[in-house]
S.K.: 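Structure incoming, see below.
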Amino acid sequence: MSWRTRSNLAWLRALPGIAADEPLASRTSFGIGGPADFFLELARPEAIEKGIDGCRERGIPYLLLGAGTNLLVADRGVEGLVIRVVNREHEVEGTRVRAGAGLKMMRLARIVADANLRGFEFAIGVPGTVGGAVYQDAGCWGKELREVLVEAEGFVPLKGALVVSATVQLQRGDGEEAKQLMAKLTRERNETQPIKTKNCGSVFKNPPGDSAGRLVQAAGLKGAREGAAVVSTLHGNFIVNEGAATAADTLRLIERVMVEVKRRFGIQLEPEVEMVGRWS
Ligand SMILES: Cc1cc2nc3c(=O)[nH]c(=O)nc-3n(C[C@H](O)[C@H](O)[C@H](O)COP(=O)(O)OP(=O)(O)OC[C@H]3O[C@@H](n4cnc5c(N)ncnc54)[C@H](O)[C@@H]3O)c2cc1C
């Protein structure tokens, strides 16, 4: 049975701040995809929990959205309710820092350095939110969030665990040195990744003992194109949206890369980017 009953639609339309048919492309780093049937930005954890509970009770599909930096949204958009988590508070207590799920990891990296704490510099390479980073155990330059994470506050319904905030344990140190290291890491990244063009970060997971970017390059696929979706000539594990790429173009390119890498090297690449919405 469809979730689009009269009473469900009335419930959704009565939620304060709700928008219908809200474009999502501009809320993702890829800049691709159709609208959310319904869309809400929520900062108060209780409001987010209430929204999720309401959806579950009524059988309404929902999706939590952070900064949209690891998503490929389908051209036909996302069914049900998309909740963008925007609680961005933070609190430094000694060597522990607690941050709201909606705070960007890069911003938190700077807050941590300002507090003369070390051990979070890697986060300058993760453009997503704290919530998205906990959900995916984000990492960069050989360090993963789980190595410093001491607590993730949230709640776990049957499907779609909500992260409300995270606490990380760091060490005292020189904040200026942390900033210099982050500036150096950012410069290096800017030289090796197509950060000026719309993208979703790494498209594929690295297979054990190898790198997806190396395999894509070795298969001669740098520069391969489907419509306006192009395998970056700078880094084989990035697909860039040259302007008007559709989700269908991008999926075709992802599948083409997977088929070609499998044919050439016998290795099955797996997407790292999460595909959400109505694909069929
Ligand atoms: C240029 C670029 C470079 C990148 N480099 C890296 C890198 O070095 N390392 C790395 O790990 N990643 C990298 N990424 C990918 C991305 O930044 C991370 O995966 C990040 O953790 C995604 O966070 P987000 O807020 O954007 O999540 P979204 O893309 O918005 O969502 C991703 C998933 O997280 C879930 N989610 C979001 N918020 C919450 C929440 N509060 N509670 C529960 N679930 C939630 C969503 O439902 C979805 O399933 C890169 C991306 C880009 C564009």
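Both counts, for ligands and for their atoms, begin at 1 and track the order of listing.
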S.K.: Could you name the option among T28, I195, N70 that has the heavy atom nearest to atom 29 (O) of ligand 1?
M.R.: N70
S.K.: Taking NZ, NE, NH1 and NH2 as the nitrogens, is one of them in R58 or D53 under 4.0 Å from a carboxylate oxygen of the other?
M.R.: no
S.K.: Distance alone, cut at 3.5 Å: any donor-acceptor contact between the side chains of R118 and Q171?
M.R.: no
S.K.: Looking at W11, is R6 sitting on its ring face, NZ or CZ under 6.0 Å from the six-membered ring centre and within 45 degrees of the normal?
M.R.: no
S.K.: Run the numbers for me: atoms of ligand 1, each under 4.0 Å from some heavy atom of Q136, listed by number.
M.R.: 18 (C), 19 (O), 20 (C), 21 (O), 22 (C)
S.K.: Considering only heavy atoms, which of C140, G139, A152 lies nearest to atom 9 (N) of ligand 1?
M.R.: G139
S.K.: Does E191 come within less than 4.0 Å of R187, counting only side-chain N to carboxylate O?
M.R.: no
S.K.: Is there a donor in the side chain of T250 and an acceptor in the side chain of E226, or the other way round, less than 3.5 Å apart?
M.R.: no
S.K.: I'd like to check whether T69 has a polar contact with ligand 1, where a contact means an N/O of the residue lying under 3.5 Å from an N/O of the ligand.
M.R.: yes
S.K.: I'd like to know whether L149 forms a side-chain contact (heavy atoms from CB on, under 4.5 Å) with E147, so could you lay out the CA-CA distance, the side-chain angles of the two residues, the decisive distance to 0.1 Å, and finally the verdict.
M.R.: CA-CA 6 Å; L149 185 71; E147 294 171 45; over 6 Å; no
S.K.: Heavy-atom distances under 4.0 Å decide this one: backbone, side chain, both or neither, for N199 against ligand 1?
M.R.: both
S.K.: Is a salt bridge present between R225 and E242, judged by a nitrogen-to-oxygen distance below 4.0 Å?
M.R.: yes
S.K.: If you measure from CD on E22 to CG on D37, what distance do you get to the nearest 0.5 Å?
M.R.: 12.0 Å
S.K.: Please report the shortest heavy-atom distance between F30 and I239, naming the atom on each side.
M.R.: CE2-O, 3.4 Å
S.K.: Just how far is it from atom CD1 of I83 to atom CG of L162, taken to the nearest 0.5 Å?
M.R.: 8.0 Å
S.K.: Quick one: does L64 get an N or O within less than 3.5 Å of an N or O on ligand 1?
M.R.: yes
S.K.: From atom 44 (N) of ligand 1, work out which of F238, F30, Y135 has a heavy atom at the shortest distance.
M.R.: Y135
S.K.: Looking only at distance, does Q193 have an N or O less than 3.5 Å from an N or O of ligand 1?
M.R.: no
S.K.: For C200, counting its heavy atoms only, list the atoms of ligand 1 lying under 4.0 Å from any of them.
M.R.: 51 (C), 52 (C), 53 (C)
S.K.: Taking the basic N atoms (NZ, or NE/NH1/NH2) and the acidic carboxylate oxygens, is any pair closer than 4.0 Å for R278 and E79?
M.R.: yes
S.K.: List every atom of ligand 1 that sits less than 4.0 Å from any heavy atom of E274, numbering the atoms from 1 in the order shown and giving each element.
M.R.: 33 (C), 48 (C), 49 (O)
S.K.: Just jot down the ligand 1 atoms closer than 4.0 angstrom to any heavy atom of A101, in number order.
M.R.: 41 (N)
S.K.: Considering G201, S29, G125, which one's heavy-atom position lies nearest to atom 5 (N) of ligand 1?
M.R.: G125
S.K.: Using a heavy-atom cut-off of under 4.0 Å, does the side chain or the backbone of K104 touch ligand 1, or both, or neither?
M.R.: neither
S.K.: Considering both backbone and side-chain atoms of A67, is one of its nitrogen or oxygen atoms within less than 3.5 Å of a nitrogen or oxygen in ligand 1?
M.R.: yes
S.K.: Give a yes/no verdict on whether any heavy atom in M105 is under 4.0 Å from an atom of ligand 1.
M.R.: no
S.K.: Just going by heavy-atom distances, which of P127, A133, G128 is nearest to atom 21 (O) of ligand 1?
M.R.: A133
S.K.: Compute the shortest N/O to N/O distance between R189 and ligand 1 and return yes if it is under 3.5 Å, no if not.
M.R.: yes
S.K.: In ligand 1, which numbered atoms sit nearer than 4.0 Å to a non-hydrogen atom of L65?
M.R.: 30 (O)
S.K.: Is there a polar contact between ligand 1 and V163, counting only N or O atoms under 3.5 Å apart?
M.R.: yes
S.K.: Just checking, any donor-acceptor pair under 3.5 angstrom between side chains of S165 and R98?
M.R.: yes
S.K.: Please work out which of G102, A138, A161, G100 has its closest non-hydrogen atom nearest to atom 43 (C) of ligand 1.
M.R.: A161
S.K.: For F120, is the NZ or CZ atom of R110 found under 6.0 angstrom from the centre of its six-membered ring and inside 45 degrees of the ring axis?
M.R.: no
S.K.: Just going by heavy-atom distances, which of L71, V130, V73, L72 is nearest to atom 32 (C) of ligand 1?
M.R.: L71
